[in-house]
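For ligands, and for the atoms within them, numbers begin at 1 and follow the listed sequence.
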Amino acid sequence: MKIFVTDHAGVEHELEALEGWRVMEVIRDWNVGIKAECGGACACATCHVYVDPEWVDRLIPMSDEEEERLDDAMAVKSNSRLSCQLLMSDELDGLRVRLAPGSEPEELAA
Ligand code: FES
């Protein structure tokens with residue numbers, strides 16, 4: 001299965017993903033550039049992504065924890081999600097997301 005990720009420079013990457021992986025882990029392991037400081041513990045909000053509008057309703061709803069954590073993120077929109085809270089499954093094959101401000105790794109951050 002695959003996901004499509006637009007990086008901080010606006011370049012789209014097609015990434016091979018495995019079932020059960022967090023979307024954040026896929027993005028991190030392919031070195032697209034995501035901070036994901038807490039490593040997926042829903043404690044940092046630096047894995048913030050914007051989900052393609054076509055996909056928003058196809059994702060599992062946010063937990064209270066994710067919603068609370070997103071409050072700390074920058075530039076939150078109605079299609080914001082924390083990519084560490086999205087688990088890859090057949091239903092998410094072809095998912096499209098864009099990395100949001102604040103999720104830049106150190107080397108890209110100003
Ligand atoms: Fe920290 Fe997702 S990696 S909240």
> Is the distance from atom 1 (Fe) of ligand 1 to some N, O or S atom of Cys47 under 2.8 Å?
Replying inline: no
> Any idea which atoms of ligand 1 are less than 4.0 Å away from a heavy-atom of Cys42?
Replying inline: 4 (S)
> Short list, please: which atoms of ligand 1 are under 4.0 Å from a heavy atom of Cys38?
Replying inline: 1 (Fe), 3 (S), 4 (S)
> Of the non-hydrogen atoms in Asp93 and Trp55, which two are nearest, and what is the gap between them?
Replying inline: O-CH2, 3.2 Å
> If you measure from CZ on Arg69 to CE on Met62, what distance do you get to the nearest 0.5 Å?
Replying inline: 13.5 Å
> Tell me, which protein residue and heavy-atom name are nearest atom 3 (S) of ligand 1, and how many Å apart are they?
Replying inline: Gly40 N, 3.3 Å
>> When you measure from atom 2 (Fe) of ligand 1 to the N, O or S atoms of Cys84, does any of those distances fall below 2.8 Å?
In response: yes
> Within Cys44, is some N, O or S atom less than 2.8 Å away from atom 2 (Fe) of ligand 1?
Replying inline: no
> Do the side-chain N and O atoms of Ser89 and Glu91 include a donor-acceptor pair separated by under 3.5 angstrom?
Replying inline: yes
>> In this structure, would Tyr50 and Met74 fall into the same cluster of hydrophobic residues linked by side-chain contacts under 4.5 Å?
In response: no
>> With a 6.0 Å cut-off (strictly less than), is the heavy-atom count around CG of Asp71, excluding the residue itself, greater than 12?
In response: yes
> In terms of heavy-atom contacts, does CD of Glu16 have more than 12 from other residues, nucleotides or ligands at under 6.0 Å?
Replying inline: yes
> Just heavy atoms, cut-off under 4.0 Å: does Ala45 contact ligand 1 by side chain, backbone, both, or neither?
Replying inline: backbone
